[in-house]
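Accompanying notes for the structure given below.
Chain identifiers are assigned alphabetically (A, B, ...) following the order of the sequence lines, protein sequences preceding nucleic acid strands; residue numbering begins at 1 within each chain.
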Amino acid sequence: MSREDRSGDEGAAGAAPEQLALIRETVRRNKAPKAKPRTWRGAALAKELPVARVLVDKGVLHLDRYFDYAVPEELDEAARPGVRVRVRFGAGGRTVRGGRREGGSLIDGFLVERVAESDYQGPLAALAQVVSPEPVLDAELLGLARAVADRYAGSLADILQLAVPPRHARAESRPSPPPPPPPPAPEPGGWQRYVRGREFLASLASGGAPRAVWTALPGPQWAEEIARAVQATLASGRGALVVVPAGRPAARVDAALTALLGEGRHALLTADAGPEKRYREWLAVRRGSVRAVVGTRAAMFAPVRDLGLVVVWDDGDAGHSDEHAPFPHVREVLELRATRDRCAFLLGGWSCTVEAAQLVESGWALPLVADRERVRGAAPLVRTVGDGDLARDEAARAARLPSLAWQVARDGLRSGPVLVQVPRRGYVPRMACARCRAPARCRHCAGPLQAQDAAALRCAWCGRDEESWHCPECGGFRLRAQVVGARRTAEELGRAFPAVPVRTSGREQILDTVPQTPALVVSTPGAEPVAEGGYAAALLLDGWAMLGRPDLRAGEEALRRWIGAAALVREQGAGGTVVIVAEPTLRPVQALVRWDPVGHAVRELAERAELGFPPVSRMAAVSGPPEALAAFLAGAGLPADAEVLGPVPLPVAEAGRPRRAGDPPPGERWERALVRVPPGSGAALAHALKTAQAARLARGGGEAVRIRIDPPDIG
DNA sequence: AGCACGCCGACT
DNA sequence: GTCGGCGTGCTC
């Protein structure tokens, strides 16, 4: 921008807007007629479409737009839309005598588009280099990345970092083979067990785009069912994408696809592959030589050709949330893809998230379930041990384990392995009514109450102190925090059955499978090995630890984990039994007993709607130093229907403790505010936050605040 | 983040 | 006149 331009703006500060526009227009016309670009070097330009619009690869929000560069004649051929380029970028660049340009540093970018002329006033710099002719960012992927960036108030460059793997020259130089012809449509297989299963598969095979929330029957067949859905989609001549939360389930779907389709039909995109392999597989997908993909969360952006189906398995698993800003979630991204590409959508799991229930409730997706009788037949028998039982149970007090659990373990060990689910350490207890166990909630915003110290209660959302709490359910006025120590219980179990081997599976060392022989398998949630032929029984000893977490999702998450363990147990007709040590009146416990995760999610959804919780409302968390946060919120121009809760102080990070993304730097006192908007205003909220953040960053001095749409831990 | 531009005070 | 300090805003 020239000096004249700037002084023109200043001189017109008091002028009417039309006048201002007129002045700008005049300056523009006089100075820089829209014509072929001039470059500083005056090099020969491409004859057709000599301007390249480039997305510079900097995650900074205020650079989240395209920059125009001139295309030199010699790069004309290679400079196609979608290729990686290098350009000079930075204020360091300056024009020196003779109209030549120097300075500015070389940075990476993507060529987004070729156009005839530029809106930019002034001479364009030339593309420095086309890194490779491989068009890695096509219009479809760009559009998706843009939509995801907008949804999460993040920058396009941040999304592209997740969506386009780093280049590897050797991988690129190898040609990819042509795709094999479509396979025949599959037999319905296990899909026959679901009410509309055959129809769903048939629709996929005939090129349809059905959308379903699938409540999978317990047992290991889900992977094969997903593979059949993929095959049906391939049979229609389209591609398919499956995203699972971790490497183990990815391996299961991978095996099922190989069994059904043979080798070379699909790609496995997981985080643990090396850079070369990763890029090679990704390229094979992009080039269309592989039409089906299974992978973990980064695969959600996989550039599958002519996408016909997206699948997400177990969407409640935290593994589906990306750890890098702006933290996109697989379910949400695949929803966007299904809508944008008009392709089929399949969300499956043994359990059911509130978000999944909402997809059905809103009519966006149809439920895909088995009838009650079949569900009951496939599930194990679930028995509960509540506080009353424990109180009456002499043995339990002595040995810290209920008699029922002993019996079930002993019986089970006669015919096979017995799973013992124990809690992970580190759950923060939530306060609940000592009498009826209803969670204690803030009377103003319904956020969870937490114990400050011995006496004081404070809302974790809005920060208000609660001095005279009483239970709205039963009128009780005493609170209790629930703490459990069940690890030792498992050890005791081991001592009680000395003839039986004890195997453990946990965070550090995860067992994949265990044999059919009798054994005690002690596992933390999510790390349960699969038992050949199913477990004879399972003991779920962590009821209170799971329900006691100060998290909106505590109930849903507890149920998901219980079901995740119980689904590995034999059906009740084959003697499969589950014992859960938790109060049988609690909603998630009842849902487990009835094996009704959907009913549970539907009720939770209704309750969330009533209380103004996500996903019925959209929430964003904004955190940062108190002054910066206050300034941000004051100037953010939030939608009129936005409601700001808080800010409240965040816990100060202790030195030596592992930090999670979004935690304040050690020793700094940060605050966090929650902003919530009603349904329909989510996009406006994201836009307002993004704009405000960009303005702050552009001004330079302003300290950045952290923004997270759909925060996972809203207390 | 870097870096030039421009305004303003100090000095030849 | 002209040199240079720092505050502001831009990067094709």
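Every residue two or more places apart in sequence or in another chain was checked for a side chain to side chain donor-acceptor pair (under 3.5 Å) with A:Asp306, and none qualifies.
Going from atom CD of A:Glu627 over to atom CD of A:Glu671 covers 8.5 Å, rounded to the nearest 0.5 Å.
In this structure, the CG atom of A:Leu75 is 17 Å from the P atom of C:dC12, given to the nearest Å. Protein atom CZ of A:Arg65 is 15 Å distant from nucleotide atom P of C:dG9, rounded to whole Å. Between the P atom of C:dT11 and the CG atom of A:Leu124 lies a distance of 12 Å, rounded to the nearest Å. Remark: P of C:dC12 and OH of A:Tyr120 are 6 Å apart, rounded to the nearest angstrom. We find that CD of A:Gln121 is positioned 14 Å from P of C:dC12, with the value rounded to whole Å. Rounded to whole angstrom, the span from the CZ atom of A:Phe89 across to the P atom of B:dC3 amounts to 14 Å. The interatomic distance linking A:Ile107 (CD1) with B:dA1 (P) rounds to 15 Å, in whole Å. Following rounding to the nearest Å, A:Arg88 (CZ) and C:dC12 (P) show an atom-to-atom distance of 11 Å.
For CZ of A:Arg80, the number of neighbouring non-hydrogen atoms (other residues, nucleotides, ligands) closer than 6.0 Å is 12 at most.
Note on ring orientation: taking the six-membered ring where Trp is involved, the planes of A:Phe345 and A:Trp364 are perpendicular (angle over 60°, cut-offs 30° and 60°).
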